[in-house]
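See below for the structure under consideration.
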Amino acid sequence: MGKVVRFSEFDQYLAELKASGTKVEGTILDANVIITLNYEPKRFHTRTFEFIKNKIEKEGISLFTTVNTTQEYLDFYRRLLLTEGLRTAIHPSSKLDLPNKKKTAIRAQSSILQHRETHNGAEPVFNDREIKKIREVFFNSGTAGMRLWKGLCELYLKKPLEIEFLALEKLKITYLSMYNEDQKEIFTKKITWEEAIEICSDIGAGFSDSMILNALQCTTLPFAISLDSDLAYSVMANTNLKDVLMPDEVVDNIL
Amino acid sequence: MNTKKISDVEAFKRESDKARNIPLSQEDIKRINDLAREVEKEESENNEDDFSIVAKNKIDTESSHIQG
């Protein structure tokens with residue numbers, strides 16, 4: 001029967017797993033854990049970082065994830081890098097001299113974001129809609145506008161995203177794949193979309209989360225680590241699912 | 001599993017931080033500023049075209065009034 005486990009309960013939880021004869025070869029990480037590990041403004045950064053470093057690494061537990069996770073991770077960094085780059089570009093100290101209309105467009109979206117940061121405690125990252133609005137203003141200036149936008153994207157995204165992708169290698173994450181010979185031992189059954197749909201349909205959890213829980217069900221891995229209430233509620237609502245580990249505060253807010 | 005892989009979360013963070021701290025080179029700055037000037041040039045040319053269309057329409061309207 002699956003349960004939601006607090007980080008602070010991990011030592012006892014692990015001891016019980018081992019005592020029951022469960023092999024703890026690895027765990028599946030949710031994308032929000034990976035993003036939180038290296039982005040300090042994220043809530044629970046320190047707790048999550050220390051938990052992975054002092055507990056998971058120390059116990060020699062390998063990290064697994066689904067392919068969706070990399071997409072979510074890179075997409076977060078796409079938005080973060082563009083936000084930081086564009087905001088720096090319009091700062092009075094910037095050596096870049098963008099056309100006034102473009103600066104105004106960036107400033108307008110930045111003010112909306114600033115309002116969200118101040119009043120809702122939002123993280124300083126443009127959402128996709130804001131990026132689309134800024135891009136539209138550049139593309140409205142024809143070929144020259146498009147070339148300028150492409151130049152900014154190359155400057156702020158290309159190399160940094162390549163570095164972010166390579167940084168992931170340091171986490172030594174293994175992508176779960178039924179077709180990988182090296183992983184044959186940990187798979188107990190085939191991953192199917194039908195079962196992911198069933199998990200999603202339980203409480204309306206997001207598909208990325210449903211896929212993590214589904215992958216977990218198909219392996220010998222005993223638990224996943226997440227910061228997302230979707231996983232916690234899914235596990236609470238369906239006793240057939242496996243366990244999910246979360247920071248204490250997230251669990252306290254849910255239970 | 002044949003090979004057990006253990007993460008290095010500190011190295012991960014260190015590498016990731018590098019991505020957000022790449023300084024702009026002089027070439028980068030020049031390239032973007034040159035592209036920005038091209039946009040301004042294209043926009044001012046379009047504005048001139050717009051003005052000439054407005055001016056032409058105005059002259060046409062006025063001359064049709066005079067003829068009428």
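Lettering of chains follows the sequences in order, A, B, ..., and the numbering in each one begins at 1.
Side-chain atoms of A:Lys172 and B:Ile6, non-hydrogen and from C-beta on, never get closer than 4.5 Å to each other. Side-chain contact between A:Lys101 and B:Glu40 is absent, with no heavy-atom pair separated by less than 4.5 Å. Counting heavy atoms from C-beta on, the side chains of B:Lys13 and A:Lys53 never come closer than 4.5 Å. In this structure, the side chains of B:Arg20 and A:Leu80 come closer than 4.5 Å at one or more pairs of heavy atoms. A 4.5 Å side-chain heavy-atom check between A:Leu171 and B:Asp8 finds every atom pair outside the cut-off. Side-chain atoms of B:Ile29 and A:Asp97, non-hydrogen and from C-beta on, never get closer than 4.5 Å to each other. Under the 4.5 Å side-chain criterion, counting only non-hydrogen atoms from C-beta, B:Val39 is not in contact with A:Phe138. In this structure, A:Thr174 and B:Lys5 have side chains that are in contact, with non-hydrogen atoms separated by less than 4.5 Å.
Counted within 6.0 Å of NZ on A:Lys242, heavy atoms from surrounding residues, nucleotides or ligands total more than 12; the atom is thus considered enclosed. A 6.0 Å sphere centred on CZ of A:Phe139 holds more than 12 heavy atoms belonging to other residues, nucleotides or ligands.
No part of B:Arg14 comes within reach of chain A, as not one of its non-hydrogen atoms sits under 4.5 angstrom from that chain. Proximity to chain B (any heavy atom under 4.5 Å) is shown, for A:Asn180, by neither the backbone nor the side chain. Using a 4.5 Å cut-off between heavy atoms, A:Glu162 makes no contact with chain B at all. Contact annotation for B:Ile22: only side-chain heavy atoms (C-beta onward) come within less than 4.5 Å of a heavy atom of chain A. Contacts of A:Tyr77 with chain B are made by side-chain atoms alone, with heavy-atom separations under 4.5 Å and no backbone atom involved. The contact between A:Glu40 and chain B is made entirely by side chain atoms (from C-beta outward), counting heavy-atom distances below 4.5 Å. Only the side chain of A:Tyr73 comes within contact range of chain B, with at least one heavy atom under 4.5 Å from a heavy atom of that chain. The contact between A:Glu164 and chain B is made by backbone and side chain atoms together, counting heavy-atom distances below 4.5 Å. Residue contact with chain B, scored on non-hydrogen atoms closer than 4.5 Å, involves the side chain of A:Lys102 exclusively. At a 4.5 Å heavy-atom cutoff, the contact between B:Asp17 and chain A is made by side-chain atoms alone. Heavy-atom distances place both the backbone and the side chain of A:Leu168 under 4.5 Å from chain B. Residue contact with chain B, scored on non-hydrogen atoms closer than 4.5 Å, involves the backbone and the side chain of A:Leu148 alike.
Between the CZ atom in B:Phe12 and the CG atom in A:Asn38 there is a gap of 4.0 Å [rounded to 0.5 Å]. The structure places OG of B:Ser7 at 8.0 Å from CG of A:Leu29, a figure rounded to the nearest 0.5 Å. Between A:Leu37 atom CG and B:Glu10 atom CD the span is 11.5 Å, to the nearest 0.5 Å.
When all heavy atoms are compared, the tightest approach of A:Pro99 to B:Arg37 is N-NH2, 4.5 Å.
Judged as a salt bridge (Lys or Arg N to Asp or Glu O under 4.0 Å), the pairs with a partner in residues 144-153 of chain A (not counting sequence neighbours) are, in order, A:Arg147-B:Glu38.
Using a distance-only test at 3.5 Å, with no hydrogens or angles considered, a donor-acceptor pair links the side chain of A:Glu57 to the main chain of B:Val9. Between the side chain of B:Asn33 and the backbone N or O of A:Lys95, at least one donor-acceptor pair lies under 3.5 Å.
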Inset, instruction - Check the pair B:Leu24, A:Leu96 against side-chain contact (heavy atoms from CB on, under 4.5 Å), reporting the backbone distance first and the verdict last. - result: CA-CA 10 Å; B:Leu24 297 191; A:Leu96 298 185; 4.2 Å; yes
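The residue among A:Ile34, A:Leu155, A:Ile52 with the most heavy atom pairs within less than 4.5 Å of chain B is A:Leu155.
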